[in-house]
Protein chains: 2
Amino acid sequence: MTAERPGLRERKKQATREALRTAALRLAMECGPDNVRVDDIAAAAGVSPRTYNNYFSSREQAIVAAVTAERAAQVAAAVAARPAEVGLGDAVRDAVVGQYTDQGDHAREALLMITTSPALRACYVDTVTAIEEPLADAVIARCPDIDPLTAQVLSAAVGAAARVALGQWLDATREAPSMPGFVVPSGSLPDLVRAAVTPLVPALDAAGSPRA
Amino acid sequence: MTAERPGLRERKKQATREALRTAALRLAMECGPDNVRVDDIAAAAGVSPRTYNNYFSSREQAIVAAVTAERAAQVAAAVAARPAEVGLGDAVRDAVVGQYTDQGDHAREALLMITTSPALRACYVDTVTAIEEPLADAVIARCPDIDPLTAQVLSAAVGAAARVALGQWLDATREAPSMPGFVVPSGSLPDLVRAAVTPLVPALDAAGSPRA
DNA sequence: GCATAATTCTGCGTGCACGCAAGTTTGCTG
DNA sequence: CAGCAAACTTGCGTGCACGCAGAATTATGC
C-alpha cells in the first residue's frame with residue numbers, strides 16, 4: 001500500500017546509499033575517523049568518488065548516517081503512536097526521549113568514536129535538524145487546528161533542545177576519560193534529553209489545547 | 001570600564017575583520033554574489049587569501065557578517081534593558097523582534113541580494129545561532145535561580161524560532177518577484193518573527209517565574 | 001523486441017577550507 | 001634599548017564539494 005512501486009531504480013539507489021553508510025562506518029571504526037578519505041569509502045562501496053557526493057554532501061555525513069538512519073521517521077511515528085488523551089507536551093517529550101534510550105551495543109561504541117572528532121560531533125549534532133519537518137507533520141496530524149507556523153516553530157524548538165542535550169552529553173563524555181573520578185558528570189543521555197525538552201512542555205501544551 | 005585595554009593588536013584585528021566584511025559586501029553587491037572569489041575579497045582588504053580564512057570560515061560568512069555584525073550582543077542588551085516587572089516571555093520576544101525591525105535602507109537591498117543565492121540564504125539563517133549563548137547569559141542574569149540547562153534550551157528554542165521565521169520570509173520574498181500581485185504573502189518580517197516567537201512565550205514565562 | 005526518453009554514474013576542472021611550518025609583528029621585561 | 005616570547009600573517013600542500021557534460025543504465029511507447 002504505502003510502497004507504490006519498489007522499482008529497480010529506487011532499490012539500487014537505496015542499496016548504494018546503504019553500502020556507502022556501512023562502508024563509511026566500518027572504515028572509520030577500523031582506521032580512525034581522520035584516516036579515512038572519501039575515495040576509500042567510495043572504493044569500498046564500489047562507486048566513483050563523485051557518486052559519493054551525489055548521496056552525501058560531506059565526508060562525515062555518511063558515517064553519521066549509519067548511526068542516525070531512520071531516526072526522523074521513528075520520532076514522527078512515536079508521536080503518532082501516543083494515545084490521543086495525553087497532552088501534546090508529554091507525547092512529544094516521550095517520543096524524543098525514546099529515540100535516545102536503549103541504544104544498541106554496536107551503536108554505543110560508534111557514538112564513542114564520533115566523540116573523537118570535532119567534525120563528526122558537529123555533524124552528528126546537526127542531524128537532529130532532520131526531525132523538524134516530520135515532527136511538524138506529526139504535530140499537525142495530532143492537532144489539525146494548530147497554526148502551521150506554530151507547529152514548525154515548536155518542532156524546531158524541540159530539535160534545538162535535543163541539539164543542546166546532545167552537545168552537552170558529547171562534551172561531557174569527551175572530557176570524562178581525562179578525569180578518572182567522574183564518568184558522566186551530567187547523567188545518562190536519555191535523562192539529559194528529557195531534562196532539555198521538559199522546559200518546552202508548557203509551550204507545547206499551550207499550543208496543543210487552546211481551550212484549557 | 002568594560003574595555004580594559006584596547007591594545008594595538010586587538011584594534012588591528014578588528015580593523016582587518018571590518019575591512020573584510022565591508023569589501024565582501026561591496027564586491028558581492030557590485031558583481032553579484034556568485035562572481036566574487038575569496039581571493040578578490042582578500043585582495044580588496046589587503047590581506048592574504050589564507051588570512052581571510054583565519055577570520056571567516058566560509059566565503060559567505062564575511063558577506064553575511066556585514067549585515068549581521070553586532071546582532072548577538074544587541075539582543076542580549078535588549079533583554080537586559082527591559083524593566084524587571086515584565087515577564088521573561090515578553091522581554092525576550094520584544095528584544096528579538098526589535099532586532100528585525102527598522103532595518104536601514106542599505107541593509108534592505110543587501111537582504112534582497114542575499115535572497116539571490118541559496119548558499120547566502122542558508123548562511124544568513126545560520127547566523128541566528130550566534131544569539132544563543134549571549135541570550136542564555138542574559139536570561140540567567142535576569143533570572144539567577146534558573147537552571148542553566150533550561151536557559152540554554154530556551155535560548156536555542158528562540159533561535160530556532162527566529163530561524164524558521166527568517167527562512168519563511170526569505171523564501172517568500174524570493175518567490176514574490178515572479179508573482180507581481182503579491183509582494184510579501186506572509187506579512188512583514190517583524191510580524192513574522194513575533195508570530196514565530198510567540199508560541200514559546202508560555203515556556204519562557206513558566207521558567208521565568210516558577211512560583212506563579 | 002526495439003527505439004527513444006529520462007536518470008544515474010562518472011571523469012574532469014575549479015574554487016574553497018584548513019593543517020602546517022616558516023616569517024613577521026607586537027608586547028613585555030630586564 | 002635589547003632581546004625574548006607570544007600572537008598574527010603568509011605560502012604551500014592536501015582533501016573535499018560541486019557544476020558540467022558525456023557515457024552508461026533504466027523505464028516507456030510502439
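Each chain gets a letter, A, B and so on, in the order its sequence line appears, and its residues count up from 1.
- One interatomic measurement links the two molecules: NZ of A/Lys12 to P of C/dC9, which rounds to 9 Å at whole-angstrom precision.
- Contact record, B/Ala165 with B/Ala196: CB-CB, 3.8 Å, taken as the closest heavy-atom pair.
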- [ ] Apply side chain to side chain contact (heavy atoms under 4.5 Å, CB included) to B/Arg17 and B/Phe56, showing your working.
- [x] CA-CA 9 Å; B/Arg17 169 169 270 111; B/Phe56 299 99; 4.2 Å; yes
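- The closest side-chain donor-acceptor pair between B/Thr198 and B/Arg93 falls under 3.5 angstrom.
- Comment: B/Arg82 does not engage B/Asp90 in a salt bridge, judged by the lack of any side-chain N to carboxylate O separation of less than 4.0 angstrom.
- For the segment residues 54-62 of chain A, the set of residues with a heavy atom within less than 4.0 Å of an atom of DNA chain D comprises A/Ser57, A/Ser58, A/Arg59, in numerical order.
- Residue order along DNA chain C, read from the 5' end via each residue's closest nucleotide, puts A/Pro49 first among B/Arg9 and A/Pro49.
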TODO: Could you give me the CA-CA distance, side-chain angles and deciding distance for B/Trp169 and B/Val193, then say whether side chain to side chain contact (heavy atoms under 4.5 Å, CB included) is met?
DONE: CA-CA 9 Å; B/Trp169 186 81; B/Val193 172; over 6 Å; no
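- For the pair B/Tyr52 OH and D/dG11 C1', the interatomic distance rounds to 19 Å; values are reported in whole Å.
- Atom CD1 in A/Ile63 sits about 10 Å away from atom P in D/dC16, given to the nearest Å.
- The minimum heavy-atom distance linking B/Pro33 with B/Ser117 is given by the pair CB-CB, 4.2 Å.
- Within residues 34-43 of chain A, no residue has a heavy atom under 4.0 Å from DNA chain C.
- When the nucleotides D/dT26, D/dC18, C/dT10 are ranked by their closest atom to the side chain of A/Ser48, C/dT10 comes out on top.
- Considering only side-chain atoms of A/Arg50, the nucleotide from D/dC12, D/dA27, D/dC20 that sits closest is D/dC20.
- The stretch residues 13-29 of chain B touches DNA chain D through B/Lys13, each having a heavy atom under 4.0 angstrom from the strand.
- For A/Thr51, the side-chain atoms get nearest to C/dC9 when compared with the rest of C/dG27, C/dT8, C/dC9.
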Open item on the list: Between A/Arg163 and A/Asp126, does the salt bridge (Lys or Arg N to Asp or Glu O under 4.0 Å) criterion hold? Intermediate values first, please.
Closed with: CA-CA 7 Å; A/Arg163 194 166 54 77; A/Asp126 276 353; 5.7 Å; no
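- Shortest non-hydrogen contact noted between B/Pro148 and B/Ile140 is CA-CD1, 4.4 Å.
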Task: Full working for side chain to side chain contact (heavy atoms under 4.5 Å, CB included) between A/Tyr124 and A/Leu111 - done: CA-CA 9 Å; A/Tyr124 182 67; A/Leu111 256 285; 3.9 Å; yes
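- The minimum heavy-atom distance linking B/Ala160 with A/Ala157 is given by the pair CB-N, 4.1 Å.
- Rounded to whole Å, the distance from CZ on A/Arg11 to P on D/dT26 is 11 Å.
- The distance from atom CG of B/Asn53 to atom P of C/dA17 is 5 Å, rounded to the nearest whole Å.
- A pairwise comparison of heavy atoms in A/Val139 and A/Ile146 identifies CG1-CD1, 4.0 Å as the closest pair.
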